[in-house]
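Right, one structure below, let's go through it.
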Amino acid sequence: MASGALRSVVVVGASLAGLRAAETLRREGYDGGLVVVGAEPHPPYDRPPLSKQLLWGDYDEERIAFRHPEAYGELGIELVTGVAATSLDLAGRAVALADGRRLGYDGLVVATGAAGRTPPAWRRRGVHELRTLDDALAIREAFGRQPRLAVVGGGFIGCEVAAAGRRAGLEVTLVEALPAPLHAVLGERLAALVAALHRDEGVELRLGVGVAGIEGGSELGGIRLEDGSFVEADLAVVGVGVRPATDWLVGSGLGLDDGVVCDDRCLAADGVVAAGDVASWWNPLYGQQMRLEHWT
């Protein structure tokens with residue numbers, strides 16, 4: 001997708017990957033139309049602090065913004081926030097938005113990231129994911145009510161939320177189906193050290209057992225585990241992994257298989273590239289298709 005041949009570029013996903021794509025186009029001399037579309041109502045922001053400094057209350061929304069609002073105008077970027085892309089017309093080179101608009105393009109960057117895997121049956125008041133700024137702000141507000149916190153999933157997000165809950169003085173239970181938090185990432189010995197650290201900090205660990213269901217009506221009542229035990233909780237944060245955010249691309253003609261299927265240059269189709277969590281790209285170094293959910 002050579003920038004010199006383009007007169008209009010649409011970036012779907014006001015994410016780190018989407019913003020960097022737009023910045024790179026300008027830096028390399030592209031001077032045509034450039035629209036960045038984001039489903040969230042916020043300009044692009046840094047996500048790692050959501051489960052740490054922002055959840056602790058050390059950072060505010062301005063601290064995690066990648067750029068000041070006026071910077072987008074200075075770069076000639078039209079930033080469209082709070083509007084999701086709903087479909088892609090690959091042959092007609094156009095993206096349909098939830099507000100009825102249709103954005104034509106010469107070049108398209110798909111950077112819609114990933115969505116959480118919380119089962120629909122678990123969703124009710126008091127049950128949260130931590131994927132967005134609004135998620136983090138809602139959880140932080142709930143912390144102020146001193147709830148009993150249950151964390152489902154012992155990955156990075158789960159461990160960080162559990163630690164933040166203890167920092168806020170909450171009673172915290174972490175539920176993980178594997179033998180220890182971060183077991184799949186760190187292996188047995190290091191994961192055991194992570195488990196010991198959480199116990200030392202006062203986190204109750206329920207390990208090697210899955211969740212049978214979330215109990216309660218419209219509000220959270222607690223969590224029933226597969227061994228029959230029950231975790232009392234007023235607030236639950238679920239971190240059981242993510243899936244690529246490609247629902248809006250179903251039927252578009254793009255290859256979809258654990259993300260947007262790309263070649264070794266992240267090219268998904270003529271005039272279409274993918275970047276970030278949503279991209280499944282061919283890595284010639286390893287000789288395999290890869291999708292990475294981190295950038296550092």
Side-chain angles (χ1 to χ4, degrees), residues 1 9-22 24-25 35-42 44-45 47 50 79-123 129-135 153 155-157 238-283 286 288-295:
M1 192 168 74
V9 173
V10 173
V11 179
V12 181
S15 57
L16 173 67
L19 175 61
R20 293 291 184 258
T24 300
L25 281 165
V35 181
V36 176
V37 178
E40 293 183 54
H42 312 285
Y45 58 86
R47 292 182 185 272
L50 296 182
L79 185 61
V80 178
T81 58
V83 183
T86 56
S87 65
L88 168 64
D89 178 355
L90 196 59
R93 291 184 178 247
V95 174
L97 304 185
D99 63 4
R101 274 183 285 180
R102 183 178 168 91
L103 302 179
Y105 66 82
D106 295 316
L108 173 66
V109 179
V110 178
T112 43
R117 292 185 180 274
T118 301
W122 293 8
R123 298 183 185 277
E129 292 179 330
L130 179 46
R131 297 292 307 161
T132 69
L133 171 57
D134 289 339
D135 292 338
F156 287 108
I157 294 296
V238 180
V240 292
V242 298
R243 58 182 181 82
T246 56
D247 289 352
W248 69 285
L249 295 169
V250 173
S252 67
L254 287 183
L256 303 177
D257 184 8
D258 187 36
V260 177
V261 178
C262 305
D263 65 13
D264 59 350
R265 298 173 298 152
C266 287
L267 187 68
D270 182 31
V272 180
V273 296
D277 294 12
V278 77
S280 174
W281 54 285
W282 179 257
N283 187 330
Y286 293 97
Q288 65 184 48
Q289 206 75 14
M290 299 183 70
R291 189 177 68 82
L292 302 178
E293 294 175 0
H294 55 83
W295 62 277

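In what follows, residues are counted from 1 in the order of the sequence shown.
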request  = State, to 0.1 Å, how close C262 and A279 come at their nearest heavy-atom pair, and which atoms those are.
outcome  = SG-CB, 4.4 Å
ask   = Are the side chains of P244 and D258 in touch, meaning some heavy atoms are under 4.5 Å apart?
value = yes
query = Would you say T81's side chain and G38's backbone share a donor-acceptor pair under 3.5 angstrom?
reply = no
message = How about CG on D257, more than 12 heavy atoms from neighbouring residues, nucleotides or ligands closer than 6.0 Å, or not?
response = no
Beyond-backbone contact of D270 with R93, side-chain heavy atoms, under 4.5 angstrom = yes
Of V250, V261, D247, the residue whose pairing with L256 passes side-chain contact (heavy atoms from CB on, under 4.5 Å) = V250
request  = Would you name the heavy atoms of V10 and G104 that are closest together and state the gap between them?
outcome  = CG2-O, 3.7 Å
ask   = How many angstroms lie between CG in L130 and CZ in R47, if you round to the nearest 0.5 Å?
value = 10.0 Å
ask   = Is the shortest heavy-atom distance from the side chain of V242 to the side chain of D277 under 4.5 Å?
value = no
message = Check whether R102 reaches the backbone of A94 with its side chain - one donor and one acceptor, N or O, closer than 3.5 Å.
response = no
key: Flag side-chain contact, heavy atom, 4.5 Å: E129 against I157   = no
ask   = Got a second to check how far D264's CG is from M290's CE, nearest 0.5 Å?
value = 13.5 Å
ask   = To the nearest 0.5 Å, what is the distance between OG (S15) and CD (E40)?
value = 9.5 Å
ask   = Which atom pair, heavy atoms only, marks the closest approach of Y45 to L133?
value = OH-N, 2.8 Å
key: Shortest non-hydrogen contact from V36 toward A22   = CG2-CB, 4.0 Å
message = Which heavy atom of D135 sits nearest to which heavy atom of R131, and what is that distance?
response = OD2-N, 2.9 Å
inquiry  = Run T132 and H42 through side chain to side chain contact (heavy atoms under 4.5 Å, CB included) and show every step you take.
reply    = CA-CA 10 Å; T132 69; H42 312 285; over 6 Å; no
key: Spatial distance of atom CH2 (W248) from atom CG (L97) [nearest 0.5 Å]   = 9.0 Å
message = Less than 4.5 Å apart, side chain to side chain, heavy atoms only: is that true for V110 and L88?
response = no
Heavy-atom pair with the smallest gap, counting every atom of A14 and L79 = CB-CD1, 4.5 Å
The single option from V9, V35, V272, V12 passing side-chain contact (heavy atoms from CB on, under 4.5 Å) against Y105 = V272
query = To the nearest 0.5 Å, how far apart are OG1 in T246 and CG in L254?
reply = 10.0 Å
